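Structure first, then comments.
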Amino acid sequence: MQGIILFVLLVSTYLMVIAKRTSALIRSFRYQSLCLFVITFSIALTQREPELYIVAGLLFILKVLLIPYLLYRIIRRIKVSEDLGLFINPQLSLLWALAFTYLSWIFASYIVSANNTILTGTLAIAFFVVSAGMFLMVFRMTALSQIIGLLVMENGLFLLASTVSGGMPFFVEIAIFFDVFVSVLIMGFFVYRINKLFTHIDVNKLSRLKG
């Protein structure tokens with residue numbers, strides 16, 4: 001079962017890397033977060049720890065429901081093109097993703113015993129998700145896509161921490177969720193203000209503004 005969830009999480013990350021529209025990017029982020037929720041909830045069922053149930057619940061409420069809703073609302077409010085503005089086209093992005101998946105697997109294989117395939121695969125996917133978030137922040141030109149890239153990186157770090165240590169301390173998890181939620185609110189406000197002032201959210205165009 002865990003292998004299937006990890007595969008769906010991997011596919012959702014690929015969909016984000018090759019996405020051309022902001023709505024598709026948000027939808028894939030929701031699928032990825034839903035997979036993390038299922039993994040966390042299954043660990044909570046196995047270990048029977050109340051803190052893990054709370055973390056799983058917060059993960060579902062914030063990253064599966066609330067944050068995607070807020071991002072969709074920003075799209076509707078600013079009424080701009082959903083085009084992500086690609087520095088690298090989807091075909092080359094897919095090749096990049098395949099290459100980093102392979103490199104992540106090689107790196108994870110050096111860390112974990114070759115006999116533990118599930119742990120190696122989980123670590124490899126976690127490394128790849130972090131690198132995919134960095135890719136979105138660097139090679140997508142709209143501010144919203146870079147916000148989602150930051151959230152994807154946090155998902156990868158969450159999966160990495162859960163795999164390596166069996167889950168971060170409860171209060172650390174709560175603090176991270178709160179920081180992520182507040183960050184999305186603040187960045188959403190700035191995206192709205194940027195669009196209101198400059199009629200677009202293309203950060204590549206903003207970088208050419210002269211003082």
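Since we're looking at a predicted model, the values are computed, not measured.
- Between Ser33 and Phe29, some side-chain heavy-atom pair lies under the 4.5 Å cut-off.
- In terms of heavy-atom proximity, Leu92 sits nearest to Ile88 at CB-CG2, 3.3 Å.
- For the pairing with Phe127, the side chain to side chain contact (heavy atoms under 4.5 Å, CB included) check across Leu159, Thr101, Ile111 returns one residue only, Ile111.
- Counted within 6.0 Å of CE on Met137, heavy atoms from surrounding residues, nucleotides or ligands total more than 12; the atom is thus considered enclosed.
- No more than 12 heavy atoms of other residues, nucleotides or ligands lie within 6.0 Å of CD1 in Ile4, so this atom counts as exposed by the packing criterion.
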Evaluate the side-chain contact (heavy atoms from CB on, under 4.5 Å) criterion for residues Leu151 and Ile67: first the C-alpha distance (whole Å), next the side-chain angles of each, then the deciding distance (0.1 Å), finally the verdict.
-> CA-CA 10 Å; Leu151 294 170; Ile67 289 178; 3.7 Å; yes
Item to complete: For Val64 and Leu59, run side-chain contact (heavy atoms from CB on, under 4.5 Å): C-alpha distance rounded to whole Å, both residues' side-chain angles, the deciding distance at 0.1 Å, then the answer.
Response: CA-CA 7 Å; Val64 179; Leu59 185 59; 5.6 Å; no
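- Asn155 places none of its side-chain heavy atoms less than 4.5 Å from the side chain of Leu9.
- Summarising the geometry of Ala19 relative to Ala24, their closest heavy-atom pair is CB-CB, 4.3 Å, with the distance given to 0.1 Å.
- Side-chain contact between Tyr14 and Leu98: present, with at least one pair of heavy atoms (C-beta onward) separated by less than 4.5 Å.
- Phe107 and Leu103 are assigned to two separate hydrophobic clusters, defined by single-linkage of ILVMFWY side chains at heavy-atom distances under 4.5 Å.
- One finds the OG1 atom of Thr13 at 11.5 Å from the CD1 atom of Ile18 (value rounded to the nearest 0.5 Å).
- Residues Arg30 and Tyr72 meet the side-chain proximity criterion, which asks for heavy atoms closer than 4.5 Å.
- A distance of 7.5 Å separates CD1 in Ile54 from CG in Leu58, rounded to the nearest 0.5 Å.
- Linking Ile, Leu, Val, Met, Phe, Trp and Tyr residues whenever their side-chain heavy atoms come within less than 4.5 Å leaves Val130 and Tyr102 in two separate clusters.
- The CD1 atom of Ile5 lies 12.0 Å from the OG1 atom of Thr122; values are rounded to the nearest 0.5 Å.
- Distance CG/Leu62 to CZ/Phe37: 12.5 Å, rounded to 0.5 Å.
- Connection of Leu6 to Leu45 is established within a shared hydrophobic cluster, with ILVMFWY side chains joined at heavy-atom distances below 4.5 Å, either directly or through further cluster members.
- Closest approach of Ala124 and Ala108 over heavy atoms only: N-CB, 3.7 Å.
- Phe41 and Tyr53 have perpendicular rings, their planes meeting at more than 60° on a 0 to 90° scale where under 30° would count as parallel.
- Side-chain contact check for Leu123 versus Trp105: every heavy-atom pair is 4.5 Å or farther apart.
- The side-chain heavy atoms of Val17 and Leu94, taken from C-beta on, include no pair separated by under 4.5 Å.
- Side-chain heavy atoms closer than 4.5 Å link hydrophobic residues (I, L, V, M, F, W, Y) into clusters, and following such links, possibly through other members, connects Ile147 to Leu65.
- Between Ser42 and Ile39 the shortest heavy-atom distance is OG-O, 2.6 Å.
- For the pair Ile148 and Leu71, the minimum side-chain heavy-atom distance is below 4.5 Å.
- Note that CD1 of Ile125 and OG1 of Thr120 are 11.0 Å apart. Values are rounded to the nearest 0.5 Å.
- Under a hydrophobic clustering in which Ile, Leu, Val, Met, Phe, Trp and Tyr are joined whenever their side-chain heavy atoms come within less than 4.5 Å, directly or via other members, Leu25 and Tyr31 fall into different clusters.
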